[in-house]
Amino acid sequence: MLARHHDPIVAIATAPGRGAVGIVRVSGGDIAPVIQAICGKPLSPRMATYLPFSDATGGVIDQGLAIHFPAPHSYTGEDVLELQAHGGPVVLQLLLARCLEAAAAINPQTGKPSLANMRVALPGEFTERAFLNDKIDLAQAEAIADLIDASTETAARSAARSMSGEFSQAVNTLLEQLIHLRMLVEATLDFPEEDIDFLQKADAQGQLSRLQQTLQGVMQSAGQGAILREGIKVVIAGQPNAGKSSLLNALAGAELAIVTPIAGTTRDKVTQLIQIDGVPLHVVDTAGLREALDEVEKIGVERAWTEIESADAVLFLHDLTQQGAADYIQADAHIHEALLKKLPATTPVIDVWNKSDVAAAPPDDRGVAVSARTGSGLEELRLRLLQLVGWQSAPEGVFMARERHVHALQKVDEQLSRASAQLLSRVPALDLLAEDLRQAQRHLSEITGQFTPDDLLGEIFSKFCIGK
């Protein structure tokens, strides 16, 4: 632990602004003097006590509930005090200042401050201490933040599963199998007289195959969880007046973007968060792609291409009413060529044929025919979109995961594939096999925090809210 991890900390634990209830949380050290100064008496462990919160002169700041959680049976694993008061910003700031003041007060028995070095907590520091004190692992800590930030019900339920330890248990199961396999290989290295027949008799290849199979299931669930957490960025692109803004409004079920018959109405991006099957989608409406007629439209078109290049999926919108016009078809072909050049091969592009309510059928069946006006074809478009980005509708088996988790699991998969190739070779290099398995274990351990660089911890917890 760093030196700061031993400092007593205090923070307002509820969101900024006015509310019915606000919470000030204290953690670390012997907080009995602070409890006595503010509450006027000791508190029964884990019992909510209604009483006045006193200032330094004995005046009343507010009246509310005080709860003392003695270590180690608390959120952080340290002594914790929670003061639940009325949720006005001024009241909470007064309580925060009073905690710092009580901690700095000289104890007449010792002649020293009651709680030296108490300070305001950094973002995520309470949860960081819970991790450092083995109350939760790193994946569970991240799931707490993901639960707070969840934008859909499905994402919230998946985060709750990760927070309860489902993801960590899946990772630990992989670790147990991997450690057992490492034990066999290391034993063979330590006792050279036990040649490769020892690994064959122990069915090392079969154990490795079963481990890889289990890993694939965890990777599948983690990949789905990453989609739930990060969401999908979907950009609507196409020529002016193809109906891009109308499609955004239809998908969102609200009039978000201005729609007129005038070409070039949309000059800047319009973004809306919607959900399909519990998956958050960041849908971006962009300016029509053409040779700009003025400086403002030029900037809008440049921004459109910037959004397109960072998209997870692109809806290339075509106007069915213009399919008989050679100039329109040629411009569509030019946009399609530009999309192929600018987008990675893995980014799906869905051809969407709009205005199907007033025009003939699309020229081919590769895309989706829709009517932004009537809603026809929108459900098919939603399903096609989820399929192309890899979502499978099985939310009850999904736990929340992050890109770093998915990346770590991919690294494990690579190492196990190398290990499998070594085992299958005619003359396995046991030292290389052992190293592949060791690296696989290291990558797995990064997920739960058993092996984690300090700079990664700082990055993770700095993104939490203060007071959590």
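Computed from heavy atoms alone, side chains included, the values below leave out hydrogens, waters and symmetry copies. Quick caveat, the model's predicted, so the values are computed rather than measured.
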(request) Kindly indicate whether the side chain of Leu92, heavy atoms from C-beta on, has any atom under 4.5 Å from the side chain of Val24. (result) yes
(request) Check whether any side-chain N or O of Ser420 sits under 3.5 Å from a backbone N or O of Leu416 as a donor-acceptor pair, and report yes or no. (result) no
(request) Using atom types as modelled and distance alone, determine if a side-chain donor or acceptor of Ser164 lies under 3.5 Å from a backbone N or O of Arg161. (result) yes
(request) Answer whether the closest heavy-atom distance between the side chains of Ile308 and Leu289 falls below 4.5 Å. (result) yes
(message) Is the positively charged end of Arg46 above the ring of Phe69, judged by distance under 6.0 angstrom from the centroid and angle within 45° of the axis?
(response) no
(message) Please check this pair: side chain of His180 against backbone of Gln177, looking for a donor-acceptor N/O pair closer than 3.5 Å.
(response) no
(message) When you measure from the side chain of Ser74 to the backbone of Pro70, do you find a donor-acceptor pair of N or O atoms at a distance under 3.5 Å?
(response) no
(request) Begin with the C-alpha distance, continue with both residues' side-chain angles, and end with the deciding distance and a verdict on side chain to side chain contact (heavy atoms under 4.5 Å, CB included) for Val120 and Leu100. (result) CA-CA 8 Å; Val120 176; Leu100 293 168; 4.1 Å; yes
(message) Under a 4.0 Å threshold between the charged nitrogen and the carboxylate oxygen, would Arg229 count as salt-bridged to Glu403?
(response) no
(request) Taking ring pair (Phe, Tyr, Trp, His ring centres under 6.0 Å) as the test, write out the residues that go with Tyr75, two or more places apart. (result) none
(request) Check the surroundings of atom NE2 in His282: do more than 12 heavy atoms from other residues, nucleotides or ligands lie under 6.0 Å from it? (result) yes
(message) Assess the residue pair Gln212 and Gln216 against the criterion (side chain to side chain contact (heavy atoms under 4.5 Å, CB included)); give the C-alpha distance rounded to whole Å, side-chain angles, the decisive distance to 0.1 Å, and a yes or no.
(response) CA-CA 6 Å; Gln212 289 177 294; Gln216 291 304 314; 5.6 Å; no
(request) Please assess Arg404 against Glu142 for the test side chain to side chain contact (heavy atoms under 4.5 Å, CB included), listing each intermediate value before the final yes or no. (result) CA-CA 11 Å; Arg404 80 168 192 92; Glu142 291 170 303; 2.8 Å; yes
(message) Could you check whether any side-chain N or O of Gln220 sits under 3.5 Å from a backbone N or O of Gly217, counting only pairs where one atom can act as donor and the other as acceptor?
(response) no
(request) Return yes if some donor-acceptor pair links the side-chain N/O of Gln140 with the main-chain N/O of Asp137 below 3.5 Å, else return no. (result) yes
(request) Indicate yes or no: at least one non-hydrogen side-chain atom of Pro89 is less than 4.5 angstrom from one of Arg18. (result) yes
(request) Considering non-hydrogen atoms only, spot the tightest contact between Ile12 and Gln93 and give its length. (result) CD1-NE2, 3.6 Å
(message) For the CD1 atom of Ile227 and the CG atom of Asp312, what is their distance to the nearest 0.5 Å?
(response) 9.0 Å
(message) For the CG atom of Leu174 and the NE2 atom of His443, what is their distance to the nearest 0.5 Å?
(response) 14.0 Å
(request) To the nearest 0.5 angstrom, please state how far the CG atom of Asn354 sits from the CG atom of Leu247. (result) 6.5 Å
(request) Working to the nearest 0.5 Å, report the span between CG of Leu138 and OG of Ser168. (result) 9.0 Å
(request) Apply the test side chain to side chain contact (heavy atoms under 4.5 Å, CB included) to residues Val235 and Val283: give CA-CA distance (whole Å), side-chain angles for both, the deciding distance (0.1 Å), then the verdict. (result) CA-CA 6 Å; Val235 176; Val283 184; over 6 Å; no
(request) Heavy atoms only: give me the nearest Met219-Asp413 pair and the separation to one decimal. (result) SD-CB, 4.0 Å
(message) Can you confirm whether more than 12 heavy atoms, excluding those of Arg382, are under 6.0 Å from its CZ atom?
(response) yes
(request) Would you indicate whether the side-chain heavy atoms of Glu82 and Gln84 approach each other to under 4.5 Å? (result) yes
(request) Evaluate the side-chain proximity of Ile350 to Phe316: yes if any heavy-atom separation is below 4.5 Å, no if none is. (result) no
(request) Would you mind checking if Arg119 and Asp7 are paired as a salt bridge, meaning a charged N to carboxylate O distance below 4.0 Å? (result) yes
(message) Side chains of Leu339 and Trp305, heavy atoms from C-beta outward: is any pair under 4.5 Å?
(response) yes
(request) Indicate whether any N or O donor in one side chain lies under 3.5 Å from an N or O acceptor in the other, for Lys233 and Ser310. (result) yes
(request) With sequence neighbours left out, write down each residue that passes side chain to side chain contact (heavy atoms under 4.5 Å, CB included) with Asp62, or none if nothing qualifies. (result) Phe53, Ala85, His86, Val91
(message) Taking side chain to side chain contact (heavy atoms under 4.5 Å, CB included) as the definition, give me every residue that meets it alongside Glu176, ordered by chain and number, with sequence neighbours left out.
(response) none
(message) Quick one: does any side-chain atom of Asn133 pair with a main-chain N or O of Thr76 as donor and acceptor, under 3.5 Å?
(response) yes
(request) State whether Arg303 and Glu307 are salt-bridged, where the test is any N-O pair (Lys NZ or Arg NE/NH1/NH2 against Asp/Glu carboxylate O) under 4.0 Å. (result) no
(request) Go through the steps to decide whether Asp203 and Arg210 satisfy the test salt bridge (charged side-chain N to carboxylate O under 4.0 Å, His left out), and finish with yes or no. (result) CA-CA 11 Å; Asp203 190 26; Arg210 289 188 290 274; 3.5 Å; yes
(request) Give, for atom CE of Met118 and atom SG of Cys99, the distance between the pair rounded to the nearest 0.5 Å. (result) 6.5 Å
(request) Please check if the side chain of Thr152 supplies one atom and the backbone of Ala155 the other of a donor-acceptor pair under 3.5 Å. (result) yes
(message) Let me confirm one number: the OG-CZ distance from Ser27 to Phe126, rounded to the nearest 0.5 Å.
(response) 6.0 Å
(message) Show the nearest heavy-atom pair for residues Leu178 and Leu444, with the distance to one decimal.
(response) CD2-CD1, 4.0 Å
(request) Work out which heavy atom in Ala434 is nearest to a heavy atom in Glu186; give both atom names and the distance. (result) CB-OE2, 3.8 Å
(request) For Gly77 and Ala71, work out which heavy atoms get closest and say how close. (result) O-CB, 3.4 Å
(request) For Leu181 and Ala204, work out which heavy atoms get closest and say how close. (result) CD1-O, 3.7 Å
(request) Considering only NZ, NE, NH1 and NH2 on the basic side and carboxylate oxygens on the acidic side, decide whether Glu153 and Arg157 come within less than 4.0 Å. (result) yes
(request) Please confirm whether the backbone N or O of Val279 pairs with a side-chain atom of Asp277, one donor and one acceptor, at under 3.5 Å? (result) no
(message) Any carboxylate oxygen within less than 4.0 angstrom of a Lys/Arg side-chain nitrogen, looking at Arg442 and Glu435?
(response) no
(message) For Lys411, is the NZ atom crowded, meaning more than 12 foreign heavy atoms sit under 6.0 Å from it?
(response) no
(message) What I'd like to find out is whether the side chain of Ser162 reaches to under 4.5 Å of the side chain of Asp146, using heavy atoms alone.
(response) no
(request) Give a yes or no on whether the backbone of Ala202 and the side-chain of Gln207 come within a donor-acceptor separation of less than 3.5 Å. (result) yes
(request) State, with a plain yes or no, whether a side-chain heavy atom of Leu95 is found less than 4.5 Å away from one of Ile61. (result) yes
